[in-house]
Protein chains: 2
Amino acid sequence: MTTSIVAREVLVPDRVKGCCQPVAAPLSDARVDELSAIYRALGDPTRVQIVHILAAAAEPVCVCDFTAAFDLGQPTISHHLSKLRDAGIVTSTKRGVWAFYKLNAAMTSAARDAIQLID
Amino acid sequence: MTTSIVAREVLVPDRVKGCCQPVAAPLSDARVDELSAIYRALGDPTRVQIVHILAAAAEPVCVCDFTAAFDLGQPTISHHLSKLRDAGIVTSTKRGVWAFYKLNAAMTSAARDAIQLID
DNA sequence: TCCTCATATCGAAGGCTGTCGATCGATGTC
DNA sequence: GACATCGATCGACAGCCTTCGATATGAGGA
């Protein structure tokens, strides 16, 4: 998962071979992992659609609405929701037998920016 | 790849079971596929780092700089670059023996927005 | 012409992902 | 207390993804 960049002196080889340029300092492993994890969580059509529905909803959405909206089995919907929850993009609460999901109000700013393309 | 949403009358079941809410109309399959493809292209730490380097570079970057910067084999770097190229995020040109990559000036606005989190 | 070097492509191995059917735990209803 | 329902979890399977070593391609130099 981490990126394992080699040491700085190799990174900027001072045009040793006539073609190479200095290159920007890499992002920190933590930042790169944070960003790629957010992108990966959104890299599935069903999850993009789920985020779209949640972004448009005034209130938390019941899981049963998702299972009705998609042509997928209930365990698959549950799987996608838990991926989004693991990525910190949504949160869930239980009311009686039902589980309701909404966008995480405490989302990282990176996640908030990332989902803003989804109208 | 496409999302296969069921018909609208199932999508808005009018609180049949006492828990369900109307839900936003789904995004079009084309839009969902476009967005999830962009996210998927960025859902890997190495590719995030590559985009970061390209975003910071004043000029196109030689492939040899990437193979020097990452602790990965040359075919693997080539693979990541071609994924970014397939997603329309980067373009490549050859000068002599070397290949140079830069951010695609004609990127879709969705792609441009998506990579803007990568400082 | 032959060799070297940079890059792309191929084929394979291993791990991760999306999907399903079956099951389980919890909650509400009769 | 028995039963039904919702949602999470488990186990399995197929497909994709990342990575590698080996090889092909193609340009420059001796």
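Numbers restart at 1 for each chain; the letters A, B, ... are given by sequence-line order, proteins then strands. What you see is a predicted model; the values in this text were computed from it and never measured.
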Looking at C:dA6, does its base get a donor-acceptor pair with the side chain of B:Q74 below 3.5 Å? no

Would a distance-only check, ignoring hydrogens and angles, find a side-chain to backbone donor-acceptor pair under 3.5 Å from B:N104 to B:G88? yes

Ignoring backbone atoms, establish whether A:R40 has a side-chain N or O less than 4.0 Å from OP1 or OP2 of D:dC17. no

Check the distance between C:dG18's C1' and A:I77's CD1 and give it to me in whole angstrom. 11 Å

Check whether any side-chain nitrogen or oxygen of A:K83 sits under 4.0 Å from OP1 or OP2 of C:dT17, and answer yes or no. yes

Atom CG of B:L84 to atom C1' of D:dC17: distance rounded to whole Å? 14 Å

Nearest-neighbour nucleotide for the A:A99 side chain, C:dT7, D:dT18, D:dG7 considered: D:dG7

CG of B:L81 versus P of D:dT18: gap in Å, rounded? 13 Å

Could you state the atom-to-atom distance from CH2 of A:W98 to P of D:dA8 in whole Å? 14 Å

I want to check one thing: is the phosphate of D:dC6, taken as OP1 and OP2, less than 4.0 Å away from some side-chain N or O of A:R95? no

Residue whose closest nucleotide on DNA chain C lies nearer the 5' end, A:V97 versus B:T76: B:T76

Send over the distance from A:H79 NE2 to D:dC13 C1', rounded to a whole Å. 14 Å

Under 3.5 Å, is there a donor-acceptor pair between the side chain of A:Q49 and the main chain of B:L27? yes

Is any NZ, NE, NH1 or NH2 atom of the basic residue among B:D44 and A:R40 found under 4.0 Å from an Asp or Glu carboxylate oxygen of the other? no

Side chain of B:S78 - closest among C:dA8, C:dT19, C:dT7: C:dA8

Could you tell me the separation between the NZ atom of A:K94 and the C1' atom of D:dG7, rounded to a whole number of Å? 6 Å

Between B:H80 and D:dT19, is there a contact of a side-chain N or O with OP1 or OP2 at under 4.0 Å? yes

Between B:Y101 and C:dA6, is there a contact of a side-chain N or O with OP1 or OP2 at under 4.0 Å? no

For A:R85 and D:dT9, what is the distance between atoms CZ and C1' respectively, to the nearest whole Å? 12 Å

Would you call A:S92 and A:R85 a side-chain contact if the rule is heavy atoms closer than 4.5 Å? yes

Within the side chain of B:Y39, is there an N or O that forms a donor-acceptor pair under 3.5 Å with the backbone of B:A114? no

Candidates D:dT18, D:dT19, D:dT9 - which lies nearest the side chain of A:P75: D:dT9

